[in-house]
Amino acid sequence: MDETDSLFQQRRKKLEDIAALGYDAYPRKFDFTHTIPQILADFGHRSAEELEAHRIAVRIAGRMMTVRPHGKAGFAHLAGGGAKLQVYIRLDAVGERDFALYKLLDLGDVIGVDGYLFRTRTGELTVHAEHVHFLAKALLPLPEKWHGLTDVEIRYRQRYVDLMVNPEVRVVFERRSKIVRAIRQFLDAEGYLEVETPMMQPLAGGAMARPFVTHHNTLDIDLFLRIAPELYLKRLTVGGLDRVYEINRNFRNEGISTQHNPEFTMLEFYQAYADYHDMMALTERLLQHVALEVLGSLEFDYVDERISFAEFHRYTMREALVKFWPPLAGTGPKLENLAEPRAVFHWVDEFNKAVGYETAKPNPLLGYDVVAPTEGGEKQIELPSGTSPGEALQILFERVAERHLIQPTFIYEFPLEVSPLAKQKPDDPNYVERFELFVGGMEIANAFSELNDPKEQRNRFLYQQLLRDKGDLTAHAIDGDYIRALSYGLPPTGGEGIGIDRLTMLLTGSRSIRDVILFPLLRPEKPAQ
RNA sequence: GGGCCGGUAGCUCAAUGGCAGAGCACUGCCCUUUUAAGGCAGGGGUUCUGGGUUCGAGUCCCAGCCGGCUCACCA
């Protein structure tokens, strides 16, 4: 903002002139009779004759978005409540003083108008002004009225301007609010209790991620912003809160992308006496409820895809690998080829042979098929030394299958090594009772039968500690009190996390997580000179 | 962090290495049913920053800052 800017100075002068006319430059309140959406809903269908025969007096407020002066009269559109309504201001109707005020108004000013409804010659519902009230001045000019504001940086930094001039932005955040409301509605009806657990934790547990660190002065201790509420919520289940959920922020000190913001909103819920199959069924019902409440339909468009919540697909992680194996990388594994855990390394090599190359084409000079490296193509999978078979399987799965999971798909049976808090399958201890839900190529949910054996949990933590010692900063820390809590007996429990931001992306057709977060994290602006 | 692309008036965008422009917004005048209102006249620029090449740089080169996309990491 540049207060020396001539437009700013000009408008400040006009504000002084408005005050000189006897208007309060910053009045305290304004009693309106209708919001603009109310007027459109209540009177939007009345004909010109009806409005003339039966005059409706209204008093409205809004931000002036357009203005069309005509000498001693003028039209303007006021925006409010996500809608717009035209007002007609003429000298002989509002008087000299209000008309002088109108002449001093700029686009962006907030005004009140009272008058009566009528239809113009072109048929537009309009308020015929009898009084104009000054409510607030826009000292800074609005973006261009036709193209609006497109500079994404300014849109995120100055969301207030974005919201003023890009109506679809408001729709996204109204819908986000509806989504969260529908989730609460559903879980409350299922007998869940909404709780709040610490955002500042002495140990950042419940997920694999690098945390943010902060410091409490009086206690003189470092604290971590939570990466997940998981371990606290399960402590509550130990305590007898059999169905709990929390919708709140998680913080992860990781990269920023179209799918990642350092702080993001997560729903986590835990249900005693349930396993991961129950959670799958619950997830289907929850998402169907949300879609119907918010969209009125189980189907919606996301980017270029038509997505349906009517049916949820199910594959084990290994089945997905087999099914979605890229043809370019050979015939790929069969299910029995993946039975032995270490076999996955062979298939990572097979995958890598094909990555980053164009489709093979017969080359007449050489007499055999060649593949050419693609420019800026994807990279090969590089496994750090010491990568476990389970980690390799998950990495390979993500590279091979994730992009294909457009329709809602549960991927279940995760490797033990990447799941320190999930219960093993009774018939195969290398895998756990865990699933993730993918929609639109994004991971939306993560759930499992909660590991409730304190001895096994300690061993899992010790394995994580080994990873930490080897330099894996995302490996889970040992949480002694959590093991103590489990030692009091955690009922068999199913638990799940759903990313609210990503769910909102799906249901609003947003390509970037920044479009569903009002103030996404950006590098701070340079201080003004 | 790597790769690619971008940054010009308040906003949206132009400008072969040769006088920095248009539309909207703004100012003045005209206009009492317009709607991207209209007509006439006008004001407004550290071309992201700093170097360099050149007679001459918005344009070419180098470095930096900021942003977007993408890859990696992650949810």
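Labels below follow one simple rule: chain letters A, B, ... track the order of the sequence lines, proteins then strands, and each chain is numbered from 1.
Nearest nucleotide to the side chain of Tyr88(A), out of U32(B), C11(B), C31(B): U32(B). When distances run from any side-chain atom of Val152(A) to the nucleotides G67(B), C69(B), C26(B), the shortest one goes to G67(B). Considering only the side chain of Ala73(A), U32(B) comes nearest among A75(B), U32(B), A25(B). Side-chain proximity of Gln10(A) to C11(B), U34(B), C26(B): nearest is C26(B). Comparing U27(B), C66(B), U33(B) by their nearest atom to the side chain of Phe118(A) picks out U33(B). Distances were taken from every side-chain heavy atom of Pro141(A) (C-beta onward) to each of U12(B), G10(B), U34(B); the shortest belongs to G10(B).
Summarising the geometry, the separation between NE2 on His70(A) and P on G38(B) is reported as 10 Å, rounded to the nearest angstrom. When rounded to the nearest whole Å, the span between CG of Leu107(A) and C1' of C11(B) equals 12 Å. Distance CZ (Arg155(A)) to C1' (G67(B)): 13 Å, rounded to an integer number of Å. The interatomic distance linking Leu140(A) (CG) with A25(B) (C1') rounds to 13 Å, in whole Å. We find that CD1 of Ile500(A) is positioned 17 Å from P of A75(B), with the value rounded to whole Å. Look at CG on Leu142(A): it is 12 Å from P on U12(B), rounded to the nearest Å. Atom NE2 of His128(A) is separated from atom P of U32(B) by 14 Å (rounded to the nearest Å). Between Asp162(A) atom CG and C11(B) atom P the separation is 14 Å, expressed in whole Å.
Remark: the Arg90(A) side chain and the U32(B) base include a donor-acceptor N/O pair separated by less than 3.5 Å. Side-chain atoms of Gln86(A) and base atoms of U34(B) include a donor and an acceptor less than 3.5 Å apart.
Taking atom P on both nucleotides, A25(B) is separated from C62(B) by 41 Å, rounded to a whole Å. Between C30(B) and A36(B), the distance separating the two P atoms is 25 Å to the nearest Å. Straight-line distance between the C1' atoms of U54(B) and C69(B): roughly 35 Å, to the nearest whole Å. U53(B) sits 28 Å from G21(B) when the P atoms are compared, rounded to a whole Å. Atom name P, nucleotides C19(B) and G56(B): the rounded distance is 15 Å, in whole Å. Spacing between G51(B) and C11(B) at atom P, rounded to whole Å, works out to 26 Å. The separation of G42(B) from U49(B), taken at their C1' atoms, amounts to 33 Å, rounded to a whole angstrom. Comparing the same atom, P, in A57(B) and in G1(B) gives a spacing of 33 Å after rounding to whole Å.
Across all strands shown, G44(B) forms no Watson-Crick or G-U wobble pair with both key distances under 3.5 Å. U53(B) makes up no base pair with any nucleotide shown, lacking Watson-Crick or G-U wobble contacts both under 3.5 Å. Base pairing annotation: G58(B) forms no Watson-Crick or G-U wobble pair, as no partner gives both donor-acceptor distances under 3.5 Å. C24(B) is paired with G10(B) under the Watson-Crick or G-U wobble criterion, all donor-acceptor distances under 3.5 Å. Figure legend. C4(B) is base-paired to G68(B); pairs are counted as Watson-Crick or G-U wobble with both atom distances under 3.5 Å.
For Phe438(A) and Phe397(A), the ring centers sit closer than 6.0 Å to each other. Taking the six-membered ring for Trp and the full ring otherwise, Phe309(A) and Phe300(A) have centroids separated by under 6.0 Å.
Counting non-hydrogen atoms under 4.0 angstrom, Asn261(A) reaches a base of the nucleic acid. Counting non-hydrogen atoms under 4.0 angstrom, Gly255(A) reaches a base of the nucleic acid. At the heavy-atom level, Lys14(A) lies under 4.0 Å from the strands shown only through sugar-phosphate atoms. Nucleic acid contact class of Met442(A) (heavy atoms, under 4.0 Å, all strands): none. Among the heavy atoms of the strands lying under 4.0 Å from Asp151(A) are primed sugar atoms or P, OP1, OP2 only; no base atom is included.
Using a cutoff of 4.0 Å between basic side-chain nitrogens and carboxylate oxygens, Lys84(A) and Glu124(A) are not scored as salt-bridged. Ionic pairing of Asp17(A) and Lys14(A) is not present here: no N-O contact between side-chain nitrogen and carboxylate oxygen is shorter than 4.0 angstrom. Note on Lys234(A) versus Glu230(A): salt bridge recorded, some NZ/NE/NH1/NH2 to OD/OE distance being below 4.0 Å.
Contact annotation: Lys72(A) does not reach the phosphate of C30(B) (side-chain N/O to OP1 or OP2, under 4.0 Å). The side chain of Arg399(A) contributes an N or O atom lying less than 4.0 Å from OP1 or OP2 of A72(B). Within the 4.0 Å cut-off from OP1 or OP2 of U12(B), at least one side-chain nitrogen or oxygen of Thr150(A) is found. For G67(B), one of the phosphate oxygens OP1 or OP2 lies less than 4.0 angstrom from a side-chain nitrogen or oxygen of Arg157(A). A close approach under 4.0 Å does occur between a side-chain nitrogen or oxygen of Arg523(A) and OP1 or OP2 of G67(B). At the phosphate of U70(B), OP1 or OP2 sits under 4.0 Å from a side-chain N or O atom of Thr258(A).
A perpendicular orientation is assigned to the rings of Phe410(A) and Phe435(A), their planes being inclined by more than 60° (bins at 30° and 60°). Ring orientation note: the planes of His313(A) and Tyr315(A) are close to parallel, at an angle under 30° on the 30°/60° scale.
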Would you list the protein and nucleotides 40-47 of chain B atom pairs, both N or O, that sit under 3.5 Å from each other?
none

Which atom pairs link the protein and nucleotides 21-23 of chain B when you take only N or O atoms and keep those under 3.5 Å?
from	atom 1	to	atom 2	distance (Å)
G23(B)	N2	Glu144(A)	OE2	3.3

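A search for side-chain contact (heavy atoms from CB on, under 4.5 Å) contacts involving Val161(A) returns Pro143(A), Leu149(A), Gln158(A), not counting sequence neighbours.
Nucleotides of RNA chain B nearest to Thr120(A) and Gly148(A) differ in position, and the one nearer the 5' end is that of Gly148(A). A residue-by-residue look at Leu105(A) and Thr474(A) shows that Leu105(A) has its nearest nucleotide of RNA chain B further toward the 5' end.
Looking at heavy atoms from C-beta onward, Leu231(A) lies in side-chain contact with His476(A) at the 4.5 angstrom threshold. Using a 4.5 Å heavy-atom threshold, the side chains of Trp325(A) and Leu396(A) count as touching.
Here the rule is side chain to side chain contact (heavy atoms under 4.5 Å, CB included) with Phe99(A), and of Val132(A), Asp92(A), Val94(A) only Val94(A) fits it. Screening Thr265(A), Thr508(A), Thr504(A) for a side chain to side chain donor-acceptor pair (under 3.5 Å) involving Arg176(A) leaves a single residue, Thr265(A).
Atom CG of Asp109(A) is separated from atom CZ of Arg11(A) by 6.5 Å, given to the nearest 0.5 angstrom.
Between the side chain of Arg434(A) and the main chain of Asn446(A), no donor-acceptor pair closer than 3.5 Å is present.
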